[in-house]
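Please read the structure below before turning to the comments.
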Amino acid sequence: MLPQHVGAAPSPSPTPGLDTDNLAKWLRDIFGPLFLVVVSIVAIFFLFTREITRFVQFILLAIGIGVIFYVPNIIETTAKAIAVALGIKTS
């Protein structure tokens, strides 16, 4: 090896593969503000066009998606609760 290539060699990572520990946090940080902007724009559009029924439906849908998106571990908790209600053993 040439001396200039010694520093360019990648260092071995402690765990092979991708580091997905902070993936959910990273996705929330990136897509959270984008989600809020889109919801705000669509809600304002429905209010200005005076489509109150569609506005209420959209806000309820946005709240449901927001809860799933922002509350950590909501999907795992809900799945475990459904499994227990059905009598399935969970670990």
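Quick caveat, the model's predicted, so the values are computed rather than measured. Computation of the quantities below employed the complete heavy-atom set of this structure, encompassing side-chain atoms and omitting hydrogens, waters and symmetry-equivalent molecules.
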CD1 (I82) and OG1 (T77) are apart, to the nearest 0.5 Å, by 11.0 Å
Set of side-chain contact (heavy atoms from CB on, under 4.5 Å) partners for V84, sequence neighbours left out: T90
Applying side-chain contact (heavy atoms from CB on, under 4.5 Å), name anything that partners S40, two or more places apart in sequence or on another chain. none
Could you name each residue pair satisfying salt bridge (Lys or Arg N to Asp or Glu O under 4.0 Å) that touches residues 40-52, not counting sequence neighbours? E51-R54
Answer yes if I63 and F31 sit in the same cluster of Ile, Leu, Val, Met, Phe, Trp and Tyr residues linked by side chain heavy atoms under 4.5 Å apart, and no otherwise. yes
In one Ile/Leu/Val/Met/Phe/Trp/Tyr side-chain cluster, 4.5 Å: V56, I41: no
Applying side-chain contact (heavy atoms from CB on, under 4.5 Å), can you list everything that pairs with L61, at least two apart in sequence or on another chain? I65
ILVMFWY clustering at 4.5 Å (side-chain atoms), partners of I44: F48
Listed once per pair and sorted, the salt bridge (Lys or Arg N to Asp or Glu O under 4.0 Å) pairs that draw on residues 55-75, sequence neighbours left out: none
Counting only heavy atoms not in F45 (residues, nucleotides, ligands), do more than 12 fall under 6.0 Å from its CZ? no
Is L60 reachable from F58 through a run of hydrophobic residues whose side-chain heavy atoms are each under 4.5 Å from the next? yes
So if you build clusters from Ile, Leu, Val, Met, Phe, Trp, Tyr with side-chain heavy-atom gaps below 4.5 Å, do V37 and Y70 land together? no
Should I52 and V39 be regarded as members of a common hydrophobic cluster, given that ILVMFWY residues are connected when their side-chain heavy atoms come within less than 4.5 Å of each other, either directly or indirectly? yes
